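Every value quoted in this text rests on a predicted model; they were computed, and no experiment measured them.
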Amino acid sequence: MDRAVLKLIASSFFILAAGAGTGLLAAQTPPAAPKVMLLSLEDALRIGSGESETVWVAEAGVMRAVGTEIVSRSGLLPQLSGTATYTRTLRSQFAGLFSSSSSSGGAQDLPFGRTNQYTLALNLSQFVFDGGQTAARLHASRARRRSAEINVDATRAEVLLDVTSAYFDALLSERLVGIAEASLAQQEEILRQTSVAFQVGDKSEFEQLQARVSRDNQVPQVLQSRSRRQEAYLRLKQLLNVPLTDDVRLTTPLEELPARFATPSDLSADARAPVRQAEEEVRANQDLLSSARAERWPTISVSSRYSPVAYPANGLPQYGDFREDWTVSLNLSIPILTGGRIVGDQLVARGNLSEAQARLKQTREAADLDVRTSQLDLADAEALLKSNESTVDQARRGYEIAQIRFREGLSSQIELQNARLLFEQAEVNRAQALRNVQVARARLALIQIGRAHV
């Protein structure tokens, strides 16, 4: 008995040891390295247009509009339905009435009080005239479907513009990190030179402290620039549905403009997607008003019903048990008193049409203003970029001269710091101007089908 207990304790010990060893090995297994993704702007635009949830929502709207159009068109086509019914009579007031005449023939085939009844039916209906209501609703649904298709193109253009903006924002943040790190490296070099000069007596302790403080003040700027770069990359990954842990490296330079954005699109207001959508909405409401007016007309339809019926005495019916019943009807319906429903429908349709016409005019005016604003934004960005190019060259030359003067002991550290700050600010302004020019060009290229201003 004791030996069995010892054996059980030993087995439990080995099991626990094996589990602990497995957990230790799992803990020591290094995590999978993040994937490195080389991404050009064209790649980002291709991925963004296909992976955007916003585009998927717009495409779902097209699917919904196509379904509505199919439903509207079905009213013009014949409608055919089939039914099958089995009726079991438990008690009947006709029970026993025809039992005595069962041998006379004919009476036993009457449907009264039959225990089993099988009914098959085919129902066919086709409207002939309804004043144009169905056709008008079909035209309205087609206009709504065209508007939904335009919305998909506009949404895709918005996504392309958002991706372009996020891509150049990431490039800008990368450039700003480089500028901040270069400034930190220069401050490190100035501190080293000042420390050496202080040791040999050429610089005072005040100048050494000033160089050290300037170097330390540059460190938070580098950290902030890196944090903004991380945020810009996360934003770009989110737009492209790229895992946030993956390493994305951008291959398109900040100065390079994609070929698809080199030429502006048609800038006329009538070519803009919002204006075309508003026009389709006006057409749809015009058709719906025609449908509301047509409600005063009578409607004519033709229907037919073919219904074989069988009354078997026991079990399932045989083929010869069915008796045919086939009818054809011509139906006429005239609205005489509707309690004001037709008048109300017309008022609603007129109100919707007036609203759509006003929105069309408002959208066209906004489109004109948007085009002019975008052109001014591009002109301002290009002017600032041209101005910053010469400013950067001058600031770089001034900083080089200040470095030489500082090394030769002809200028103070304050003069060198001012020259460095001017050069750094000029580079930042040029990078920002480059980003603004690229985004403004992309917007003008997409403005025909886009609708959001960035």
Side-chain angles (χ1 to χ4, degrees), residues 38-46 48 157-186 218 221-222 224-237 239-240 248-265 370-371 373-400 419-447 450 452-454:
L38 299 179
L39 188 67
S40 66
L41 180 57
E42 286 294 337
D43 293 336
L45 295 175
R46 175 179 51 80
E158 285 187 13
V159 170
L160 293 179
L161 188 57
D162 290 340
V163 170
T164 301
S165 178
Y167 192 95
F168 283 114
D169 285 342
L171 287 175
L172 174 62
S173 65
E174 195 77 49
R175 183 70 59 87
L176 295 181
V177 168
I179 294 173
E181 291 177 346
S183 298
L184 179 60
Q186 292 168 359
Q218 187 64 29
Q221 297 183 16
V222 173
Q224 291 177 0
S225 299
R226 291 174 179 173
S227 177
R228 294 192 187 99
R229 177 182 62 182
Q230 185 69 13
E231 293 175 0
Y233 273 86
L234 289 176
R235 169 61 177 164
L236 180 60
K237 293 176 185 178
L239 287 175
L240 303 181
V248 174
R249 299 180 183 177
L250 308 183
T251 59
T252 301
L254 185 60
E255 295 80 6
E256 182 179 333
L257 178 67
R260 69 166 71 194
F261 298 150
T263 304
S265 59
D370 191 21
V371 168
T373 302
S374 300
Q375 290 174 327
L376 290 175
D377 290 343
L378 177 58
D380 291 343
E382 290 177 339
L384 288 175
L385 178 61
K386 184 176 180 180
S387 174
N388 288 331
E389 291 290 346
S390 59
T391 302
V392 168
D393 294 336
Q394 296 173 4
R396 180 186 295 108
R397 180 57 181 165
Y399 182 57
E400 292 173 353
R420 183 193 62 80
L421 290 175
L422 291 174
F423 176 53
E424 180 181 350
Q425 186 62 45
E427 285 190 318
V428 170
N429 291 340
R430 182 181 64 174
Q432 184 67 47
L434 272 172
R435 180 266 177 198
N436 293 340
V437 167
Q438 299 289 44
V439 174
R441 288 175 179 172
R443 168 153 182 79
L444 277 180
L446 296 170
I447 199 169
H453 188 75
V454 176

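Classification of K386 and E389 as a salt-bridged pair fails, no side-chain N sitting under 4.0 Å from a carboxylate O. Taking a cutoff of 4.0 Å between a charged side-chain nitrogen and a carboxylate oxygen, R443 and D370 qualify as a salt bridge.
Remark: N388 CG to Q432 CD distance equals 10.0 Å, nearest 0.5 Å. Of the inter-residue distances, the one linking L172 atom CG with Y167 atom OH reads 13.5 Å to the nearest 0.5 angstrom. Interatomic distance, L234 CG to L239 CG, rounded to the nearest 0.5 Å: 11.0 Å. We find the OG-CG distance between S387 and L385 to be 9.5 Å, quoted to the nearest 0.5 Å. Atom CG of L434 and atom CZ of F168 lie 9.0 Å apart (nearest 0.5 Å). Atom-to-atom distance recorded for L446:CG and R441:CZ is 14.0 Å, nearest 0.5 angstrom.
Contact between L422 and A395 at its shortest, heavy atoms only, is O-CB, 4.0 Å. Contact detail for E382 and V437: the closest heavy-atom pair is N-CG2, 3.6 Å. Here the closest non-hydrogen pair linking V177 and S225 is CG2-O, 3.2 Å. Taking every heavy atom of both residues into account, G48 and V159 meet most closely at O-CG1, 3.4 Å. In plain terms, the two heavy atoms of L250 and A170 that are nearest each other are CD1-CB, 3.6 Å. In terms of heavy-atom proximity, V248 sits nearest to K237 at CG2-CE, 3.7 Å.
Put simply, the side chain of L444 reaches to within 4.5 Å of the side chain of L378, judged on heavy atoms. Here the side chains of Q218 and Q186 are not in contact, with every heavy-atom distance at 4.5 Å or above. For the pair R397/Q394, no side-chain contact is recorded, criterion being any heavy-atom separation below 4.5 Å from C-beta on. Counting only heavy atoms from C-beta outward, the side chains of L39 and R249 never approach each other to under 4.5 Å. T251 is not listed as a side-chain neighbour of D43, based on a closest heavy-atom distance of 4.5 Å or more. T391 is not listed as a side-chain neighbour of N429, based on a closest heavy-atom distance of 4.5 Å or more.
Not counting sequence neighbours, the partners of Q224 by the side-chain contact (heavy atoms from CB on, under 4.5 Å) test are R228. Considering only residues two or more places apart in sequence or on other chains, E424 meets the side chain to side chain donor-acceptor pair (under 3.5 Å) condition with S183, R420.
Without hydrogens or angle criteria, S165 side chain to L161 main chain gives no donor-acceptor distance under 3.5 Å. Proximity of a side-chain donor or acceptor of S173 to a complementary backbone N or O of A232 within less than 3.5 Å is not detected.
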Could you go step by step and tell me if V371 and Q375 meet the side-chain contact (heavy atoms from CB on, under 4.5 Å) rule? CA-CA 6 Å; V371 168; Q375 290 174 327; 4.0 Å; yes
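Residue pairs meeting the salt bridge (Lys or Arg N to Asp or Glu O under 4.0 Å) criterion with at least one partner in residues 166-175, sequence neighbours excluded, are D169-R435, E174-R229, R175-E255.
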